[in-house]
Structure formats: structure tokens, C-alpha cells
Amino acid sequence: MSIPALTDLSRCAVHTITTKPWSLRQCIDGYTAAGVGGITVWRQSLAPQGLADSAMMLADSGLKVVSLCRGGFFPAMDDAGRKAAVDDNRTAIDEAATIKAPLVVLVCGAIPGMPLQQARDQIAEGIAACVPYARERGVKLAIEPLHPQYAADRSAVSTMRQAREICDRVGSDYVGIAVDVYHLWWDQDLEQEIASAGKKNRLFAFHVCDWKVKQTDTLNDRGLMGEGCIDIRRIRGWVEAAGFTGFNEVEIFSEAHWARDQQEFMTDIAAAYKKHV
Ligand code: ZN
């Protein structure tokens, strides 16, 4: 089955971290000028002008606010740490509600040395503790499995299956999964897990970038679509076959691209989106 290319950027959203040197104002103006339809806001983009001004700028922008990034980091060595994590996630839910983001993306966390299953138990408990508040504020929560290279300290959730198991444990229609091709492209069960998540209405977000074959940094050397080896369009086909109709979100952490003129980078993002997503 061949997946048709996307001919415009109306279903494209860009994460503010992708154009990290830009202020929220510059992101809004740059994305709008490029014809991008949506924006996912990282919390550090809110800080300089404050939440209220950010919310006003976004409301006036014409862009659809897709998600707030990010909450999570639930595991901790003691009760106080776990409670602080839940409190911070409630704050993220408040921020999302204020900027009219329907979703908070969760980087679930891990503690070096803590058994991964114990961390996953704490993640499930932390998410469950946030669900009543998320429901009250009308903000959903998306578990984003991260590539296993981050299992030591960023996410004990590395696969769709592990995310599914946590969704099953929490058992709320407010909890689903963010599929990021960078983290999940290698998983032999990916197509099947995407289909299963779609059936359970748990496909909440779809993130794209590329996996460069020779990465100089495990965090900040992600590729623009087409710079690496991921068949992004094939995975978009799986996500759409599973019923997902949301935004294709461009999320790229890259010192190399951040060092460039961001306007030129934006032009390249638009071209890469049409060619590779
Ligand atoms: Zn992502």
C-alpha cells in the first residue's frame, strides 16, 4: 500500500523545541508564515513572557495548540519525591488548560539503579494520581515511550507494549500514547501495537524526526526527516490506518539545526515534511 504524500502543512505541527532559539512569538510568526497548522508548546517557551501572555498570543495566533511538553518524571527514591512529581504534573495540566492544549505529553522518568519494573509501577501510580485532575481540567495525558538508550534516567517506558500495559493498569480514557518515530521505529511489534492502540482510542499524538545513522550525541543530534533511516511515511500509514487523524508533529532536538538560521531551517522543515512524512 502506498501512502500519498502530504501536499500542504495544514496537519503539520511544530514543537517549539525544534526551533529552540526562537521565542514563542517568533515560533508563532515563523510557523504561521510557513503554513503550519499547529504548535506544540514546550514549557520553557512559556516562561519568558509568562503563562497569561503566552495564552493570549496562542489564542490570537490561528494555530491549533496540539500539546504541552512535557510532564512525567514520576519515579523517585522516596514518597516526597513522588508527591513532588505528581504536583508538578498537576501544574503542567493547569498550564495546558490555560493555553488550551488538550494534551500533556509525559516523559515518564527513570532512576539510575532502580529496577525498571519498579519504575514502571511508580509511573503507573503517578499517572493514576493525576487522572482525576486531568479529567477535571479536560486535559488528556500521553505516555511517550522513549528509545531504550534513555532507560537509565529518562524513561523506563521504552516500547508501545510497556505503554499499553500502563494504560491498561490505569484504565482511563484520559490516558493514551504518543508515538514518536525516533523512539519506536526499530520495534518489530510497532505496527501491531499501533493498531491495538487505535482500537482502544489511545493514539493521542504522532511525532516525527529522523534517526541519523551516525549520531554525535544521543539527545541533541536528531535528524530532520530524510536525514536518517526511518521510513516515516510507512509509520504514518500505520497510524492513519489505526484511525489517527491528528497532527504530524515535527520534534527535532539538534544542536546542528539550532545553530542555523531558523528561518532557513523552517523552510527545510516544510520541504522535508512534504517529501518524507
Ligand atoms: Zn516526541
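All ligand and atom numbering here is 1-based and tracks the order in the structure.
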| task | Verify the neighbour count for atom CZ of Arg234: are there more than 12 heavy atoms of other residues, nucleotides or ligands below 6.0 Å? | result | no
| remark: Under 2.8 Å from the Zn ion (ligand 1), the protein N, O or S atoms found are Glu144 OE2, Asp180 OD2, His207 ND1, Glu251 OE1
| Salt-bridged, Asp79 to Lys83, with N to O below 4.0 Å? | no
| request: Taking atom CD of Gln188 as the centre, report whether more than 12 heavy atoms of other residues, nucleotides or ligands fall under 6.0 Å from it. | output: no
| message | Side chains of His183 and Gln149 only: does a donor on one sit below 3.5 Å from an acceptor on the other? | response | no
| query | Taking NZ, NE, NH1 and NH2 as the nitrogens, is one of them in Asp173 or Arg202 under 4.0 Å from a carboxylate oxygen of the other? | reply | no
| said: Is it true that Asp187 and Thr159 share a donor-acceptor pair across their side chains at a distance under 3.5 Å? | reply: no
